[in-house]
Number of protein chains: 2
Amino acid sequence: MTIANVSPLEINPATPNVVDPRRRRAPEERPAQILDAAFHEFGERGLAGARLDDIAKRAGVAKGTIYLYFPNKEALFREMVRTTTIAAIESAEQLAEQESHESAETQLRRLSVGWWTFLRSDRFQVVQRLVLAELQHFPDLMQFYADEVVARGRRLIGAIVERGTARGEFRPIVPATAARMLSSLTMMQAIWCDRRQCFPELAGVTDEHIREEILDFYLSALRPIQ
Amino acid sequence: MTIANVSPLEINPATPNVVDPRRRRAPEERPAQILDAAFHEFGERGLAGARLDDIAKRAGVAKGTIYLYFPNKEALFREMVRTTTIAAIESAEQLAEQESHESAETQLRRLSVGWWTFLRSDRFQVVQRLVLAELQHFPDLMQFYADEVVARGRRLIGAIVERGTARGEFRPIVPATAARMLSSLTMMQAIWCDRRQCFPELAGVTDEHIREEILDFYLSALRPIQ
DNA sequence: CACTAAACTGACTGGTCAGTCATTAATACA
DNA sequence: TGTATTAATGACTGACCAGTCAGTTTAGTG
């Protein structure tokens, strides 16, 4: 969907290629196509539950083709988690770009909007489910996720909070702890939003409202003591 | 092993039950034995990944025996989630019993200790993983979990917060929102604690310290505005 | 003790699916 | 046009595993 590229071969002056597109040569596109299909199938069924035939069908490719680009199912899974995660971080960091002249509260507010958008996206929901459910069996991927997603996010928040404390906007607090608090509030509730129908209390509330509640709650915990 | 019979005379009348315990009749115990084994196997490998042969072996029972008590793999899974969840709630509610004369802060503090103990137990970690990973395919179980675990917990916290607000201990806040904030802080960080090795920041910190950080942070967000 | 009913067993079956490979199609180049 | 090379296919294989059932063991009863 996102990753699957537009084929440069499609741009054709004379349209001589009326061939079955499935058999057309386009080796550069294959990995992305397959990874995208894998993302959906693994996301839906998990590592053990997903079938390679389904991934192939979704990618518009024969099963054998998958094995031209990935040595086996597990490697495909690993690679899918890696690429999806990387794509996710990049889009999140773009959104969270900060201007240093702003107040810490304003920075936090902007970070909150960007991050929440990302957390509520389909891609994150799937990654999150896989991380929580399957990554215990892949210590290296877990580490990768911890370093590249969690730690990076924490540093971002921690820096803002530290600056806010220094400016007297916030009460004194260990930045790492403060970052962990905001992460947990936001991540957990983003996951719950995805299961809205089960939580009557959330059913009538918009995503945006929840995001604001979280931020207000968080800011009131950081409020300086009189 | 099966064909080579044990002579019934071998059974000493003084110690009558030296029979292979695996073949002793105990139909009342079977479901619990099987469910316990299922808990471990499903918890480790997920619904699709777990093998009934392994569950049987762990339960000390033949595969066929499982089918005397449960119609199929999925039903066993459902039943396992149900019973585990119920056991979990009951143990958690015992811990959280409150005395009405205490201050809201003290009540919250006691609830926090009991709940955290539960959240950090093996049983909860496994249930939580299954809920997040698999329960989307079982809407009825998801609903059951939402009603019996999440909603119950929220009501408990909400009531305490409401009382605290009425007494002027806490600032005015929607009790349901306040409950959701504490739930998300606690649940998410309990899950992270289980993956300690991946988060260098948590590695050197005790569970108890994190629990206190959460509670202090929470209380400071509820602090009345001057 | 003999007989019956209930509990239990584990070899077997049939379906499923990861992974293979002989074959076919497309392209590049002479 | 022919030949070589690379890309892709999908029928096939073998392992695996949920679910079955004919047979075995145990306990209860007269």
Side-chain angles (χ1 to χ4, degrees), chain A residues 7-10 12 14-34 37-38 41-42 44-80, chain B residues 1-13 16-34 37-38 41-42 44-80:
Chain A
S7 158
L9 297 177
E10 226 106 78
N12 202 315
T15 58
N17 295 338
V18 207
V19 207
D20 176 3
R22 298 173 47 166
R23 287 198 79 98
R24 221 179 39 247
R25 293 298 121 89
E28 323 75 28
E29 297 173 18
R30 289 288 172 264
Q33 265 174 263
I34 295 166
E41 294 297 325
F42 284 130
E44 185 65 21
R45 320 241 177 228
L47 174 58
R51 272 161 291 156
L52 282 185
D53 279 304
D54 292 344
I55 295 176
K57 187 182 285 177
R58 186 188 273 266
V61 131
K63 184 156 61 158
T65 306
I66 295 177
Y67 285 86
L68 297 177
Y69 298 95
F70 303 92
N72 55 43
K73 191 185 187 185
E74 190 188 301
L76 173 59
F77 180 79
R78 296 181 107 86
E79 202 45 37
M80 182 279 280
Chain B
M1 175 190 171
T2 358
I3 300 173
N5 295 350
V6 184
S7 157
L9 297 177
E10 226 108 75
I11 302 161
N12 189 332
N17 294 336
V18 207
V19 208
D20 177 3
R22 297 172 50 167
R23 288 197 80 99
R24 228 187 25 252
R25 294 297 123 89
E28 323 76 29
E29 297 172 17
R30 290 286 173 264
Q33 267 174 257
I34 294 167
E41 294 296 325
F42 284 130
E44 185 66 21
R45 321 239 177 230
L47 173 58
R51 274 161 289 152
L52 282 186
D53 278 304
D54 291 343
I55 294 176
K57 187 181 287 178
R58 186 187 273 266
V61 130
K63 182 156 63 161
T65 305
I66 295 177
Y67 285 87
L68 297 177
Y69 298 96
F70 304 92
N72 55 44
K73 191 184 187 183
E74 191 188 300
L76 174 60
F77 180 78
R78 297 181 108 86
E79 204 42 39
M80 182 280 282

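Letters A, B, ... are given to chains in the order of the sequence lines, protein chains preceding strands, and every chain is numbered from 1. Values below: all heavy atoms of this structure, side chains included; hydrogens, waters and symmetry mates excluded.
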Problem set entry | All salt bridge (Lys or Arg N to Asp or Glu O under 4.0 Å) counterparts of B:Lys73, not counting sequence neighbours | none

Problem set entry | Counterpart residues, ring pair (Phe, Tyr, Trp, His ring centres under 6.0 Å), relative to A:Tyr67 (two or more places apart) | none

Problem set entry | Length of the CD-P vector between B:Glu41 and D:dC17, whole Å | 12 Å

Exercise. Between D:dA8 atom C1' and A:Glu28 atom CD, what is the distance in whole Å?
Worked result: 14 Å

Exercise. Whole-Å distance between C:dT16 C1' and A:Leu52 CG?
Worked result: 13 Å

Problem set entry | Length of the line joining A:Leu47:CG and C:dA18:P, which is rounded to integer Å | 10 Å

For this session: May I ask you to verify if any side-chain N or O of A:Arg30 is less than 4.0 angstrom from the OP1 or OP2 atom of D:dA8?
Result: yes

Seminar exercise, completed: note: A:Arg51, atom CZ; C:dG15, atom P; distance rounded to Å ~ 16 Å

Exercise. What residues, two or more places apart in sequence or in another chain, satisfy ring pair (Phe, Tyr, Trp, His ring centres under 6.0 Å) together with B:Phe77?
Worked result: B:Phe42, B:Phe138

For this session: Name every residue in residues 64-76 of chain B that has at least one heavy atom under 4.0 Å from any atom of DNA chain C, in order of residue number, or write none if there are no such residues.
Result: B:Gly64, B:Thr65, B:Leu68, B:Tyr69

For this session: Could you pull out all residues at least two apart from A:Arg45 that satisfy salt bridge (Lys or Arg N to Asp or Glu O under 4.0 Å)?
Result: none

Exercise. With a 4.0 Å cut-off on heavy atoms, is A:Ala50 in touch with a base, just the backbone sugar-phosphate, or nothing at all?
Worked result: sugar-phosphate

For this session: Tell me which nucleotide among C:dT9, D:dG10, D:dG19 gets nearest to the side chain of B:Lys63.
Result: D:dG19

Problem set entry | Residues forming a side chain to side chain contact (heavy atoms under 4.5 Å, CB included) with A:Asn72, sequence neighbours excluded | A:Glu74, A:Ala75

